[in-house]
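Everything on this sheet refers to the single structure shown next.
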Protein chains: 2
Amino acid sequence: MVRQNIKVAVDAVVFGYKDKALHVLLIKRDVEPYKDSWAIPGGLVLENESLEDAVERELKEETNVTVDYLEQLYSFGKPGRDPRNRVVSVTYFGLVKPEHHSIKADTDANDVAWFDINELPELAFDHAVILDMAKKRLRNKLTYEPIGFDLLADKFLFSDLEKLYMTILDKQIDRRNFRKKILSFGILEELKEKISEGRGRPANLFKFNHKQYFKLKEEGFLFDIK
Amino acid sequence: MVRQNIKVAVDAVVFGYKDKALHVLLIKRDVEPYKDSWAIPGGLVLENESLEDAVERELKEETNVTVDYLEQLYSFGKPGRDPRNRVVSVTYFGLVKPEHHSIKADTDANDVAWFDINELPELAFDHAVILDMAKKRLRNKLTYEPIGFDLLADKFLFSDLEKLYMTILDKQIDRRNFRKKILSFGILEELKEKISEGRGRPANLFKFNHKQYFKLKEEGFLFDIK
DNA sequence: ACAAAAGTGTTCGGGTTACACCCATGG
DNA sequence: CCATGGGTGTAACCCGAACACTTTTGT
């Protein structure tokens, strides 16, 4: 058998929710090929690290972001997807809470930036395909796992959650039914704190109760939002 | 950067439904490590073939089976999962119809065989983990995509479909409600042929109507069996 | 007092679930 | 005629969808 010379890389599509819109973390490449193009963060896996470690290391190095949720997305390996070598890329799907949003991205939009999902630049390699798959996964997953909470601050308003769902699912949701449904799960903790955002009646803050969720999950409970 | 020397392999968990039970296709390894252990089919990806091509080639070479459905499952890459080299394995999930069941497997149980999912031998490497993930995927997928039809012959009895669902989901299903539900989708074609399997009233044969399914899917129809 | 956002309850309809009897055939 | 599996209808219930008015605050 001929000696195989395929490189293994990891890439991550990281979503963040800010300014009432869904954003993706991108980096500007400073080497060829696709120099100066925007791309999703990633790089070659080191000899002795796991794939997950590789993703987290690359994210830290390239963007300074720490994800709050990470799962494998898909592996891409068509010959020719990287013009230099044959590269098989194991891609990941990550979520970050606002408080973990990269400082780099906030202060320096030169090589790292959050892009509104609806205002994306051209992407390097086959990254547009990867991003598209990640969007679908996010939309889908949001409906049957409580990953929305990994995009919100620890304490959040119900209206934030509502807006998050409407933004990502791209549809209108009835406020009353949504609240009833979510509250009926019993996985939210209503805090005593109220917050007043300018005009209107002050709103209650909520917290996602991980313990309770895991307990219910053990018992066969299914999170499900249409 | 140090030169990366990671190998890329593909492995496939292939399910078949025979003798009213779910079976998995396994091969007996004839080289070290894990010589004489059973393993899921797979091997290294060649320099110029896609991952899918690699899976299909390996399956053909090792088992003589042609799958009717194939999708990527997950990628495994923890250092040490293969005692020789670092290997990242992109795993796939396949389904075969009875008529495509390997001749090799039927006539020679020495190096290739179908194992009842409930009577599995010890598996090489981390293949037990992979198989487990594949089982979960199958169970899950069965409920929201019509992949059950890729496990049945082209013409099948309703009772076959019923048994398939009960076997894979591992629960009782009400015959009447199940039939009503499936038929209401309008994706089955009732054939004129009836078949009598020994005792009992002869049953009608059905065929899955792919065209109709794709048409409905375009229109937003969702296949869904609880 | 007015605008803005938060909080809450009821009704209706469709779909899922539960359930039992008759039919066609082979032995 | 009996055993075996195939084929069918109806009633109860539950959950999701639709929908509007009151409350609390800032200006």
Side-chain angles (χ1 to χ4, degrees), chain A residues 19-21 142-144 146 148 152-153 155-167 169-207 216 220-226, chain B residues 19-21 142-144 146 152-153 155-167 169-207 216 219-226:
Chain A
D19 309 332
K20 316 265 184 232
L142 199 64
T143 67
Y144 65 89
L152 295 175
K155 297 170 178 187
F156 57 88
L157 303 176
F158 223 100
S159 57
D160 289 333
L161 190 63
E162 243 174 72
K163 277 170 203 140
L164 175 74
Y165 269 82
M166 290 199 273
T167 301
L169 300 183
D170 192 30
K171 66 172 188 184
Q172 284 309 111
I173 295 177
D174 184 89
R175 225 155 42 90
R176 293 159 288 189
N177 293 336
F178 182 77
R179 176 185 259 254
K180 229 181 307 172
K181 187 80 182 288
I182 299 268
L183 287 179
S184 76
F185 294 155
I187 54 178
L188 289 192
E189 196 175 328
E190 183 167 354
L191 303 177
K192 293 280 168 260
E193 296 176 70
K194 288 191 199 305
I195 211 170
S196 167
E197 287 196 316
R199 50 202 128 281
R201 175 175 174 173
N204 239 294
L205 280 170
F206 287 83
K207 232 176 119 170
L216 288 170
F221 157 78
L222 287 183
F223 182 87
D224 186 29
I225 294 289
K226 293 279 159 47
Chain B
D19 309 333
K20 315 262 183 238
L142 199 64
T143 66
Y144 64 89
L152 295 174
K155 297 171 179 187
F156 57 87
L157 303 175
F158 223 100
S159 57
D160 289 334
L161 189 64
E162 243 173 73
K163 277 171 202 139
L164 176 74
Y165 269 81
M166 288 199 275
T167 301
L169 300 183
D170 192 30
K171 67 171 190 186
Q172 286 307 113
I173 296 177
D174 184 89
R175 229 159 33 94
R176 293 159 287 189
N177 294 335
F178 181 76
R179 177 184 258 254
K180 231 183 304 172
K181 186 81 181 288
I182 299 268
L183 287 180
S184 75
F185 293 156
I187 54 177
L188 290 192
E189 196 175 329
E190 182 167 356
L191 303 177
K192 294 280 168 259
E193 295 176 71
K194 288 190 199 306
I195 212 170
S196 166
E197 287 196 316
R199 50 202 132 281
R201 175 175 173 173
N204 239 295
L205 281 169
F206 287 83
K207 233 177 120 168
L216 288 170
E219 297 168 3
F221 157 78
L222 287 183
F223 182 88
D224 186 30
I225 294 288
K226 294 277 160 50

Nearest-0.5 Å distance, CG of residue A:Leu188 to CG of residue A:Asn204: 11.0 Å
With the side chain of [X] defined as its heavy atoms from C-beta on, choose the nearest nucleotide among [options].
X: B:Asn177; options: C:dT8, C:dC19, D:dG6; result: C:dC19
X: A:Pro202; options: D:dT25, C:dA24, D:dT8; result: D:dT25
X: A:Ser196; options: D:dG7, C:dA18, D:dT25; result: D:dT25
X: A:Lys226; options: D:dT23, D:dG16, D:dG9; result: D:dG16
X: A:Arg201; options: D:dG9, D:dT23, D:dA20; result: D:dT23
X: A:Asp174; options: D:dC19, C:dT17, D:dG6; result: D:dC19

Round to a whole Å and report the spacing from [atom1] of [X] to [atom2] of [N].
X: A:Leu191; N: C:dA6; atom1: CG; atom2: P; result: 16 Å
X: A:Phe178; N: C:dA5; atom1: CZ; atom2: C1'; result: 17 Å
X: B:Phe158; N: D:dT8; atom1: CZ; atom2: C1'; result: 12 Å
X: B:Leu188; N: D:dG7; atom1: CG; atom2: P; result: 12 Å
X: B:Glu190; N: D:dG6; atom1: CD; atom2: P; result: 14 Å
X: B:Arg175; N: C:dC22; atom1: CZ; atom2: C1'; result: 11 Å
X: B:Ile195; N: C:dG26; atom1: CD1; atom2: P; result: 13 Å
X: B:Lys180; N: D:dG9; atom1: NZ; atom2: C1'; result: 7 Å

C:dG7 base / A:Arg176 side chain donor-acceptor hit below 3.5 Å: no
Check: D:dG7 base within 3.5 Å donor-acceptor of B:Arg179 side chain: no
Neighbour count above 12 (heavy atom, 6.0 Å) for B:Lys207 NZ: no
B:Glu219, CD atom: more than 12 neighbouring heavy atoms under 6.0 Å: yes
Geometric class of the A:Phe185/A:Phe221 ring pair [parallel <30°, tilted 30-60°, perpendicular >60°]: perpendicular
Position toward the 5' end of DNA chain D (nearest nucleotide), A:Lys194 or A:Lys181: A:Lys181
Donor-acceptor contact present, side-chain B:Lys181 to main-chain B:Asp224, <3.5 Å: yes
Sugar-phosphate, base or nothing in reach of B:Asn204, heavy atoms under 4.0 Å: sugar-phosphate
N/O (side chain, B:Ser159) to phosphate O (OP1/OP2, D:dG5) under 4.0 Å: no
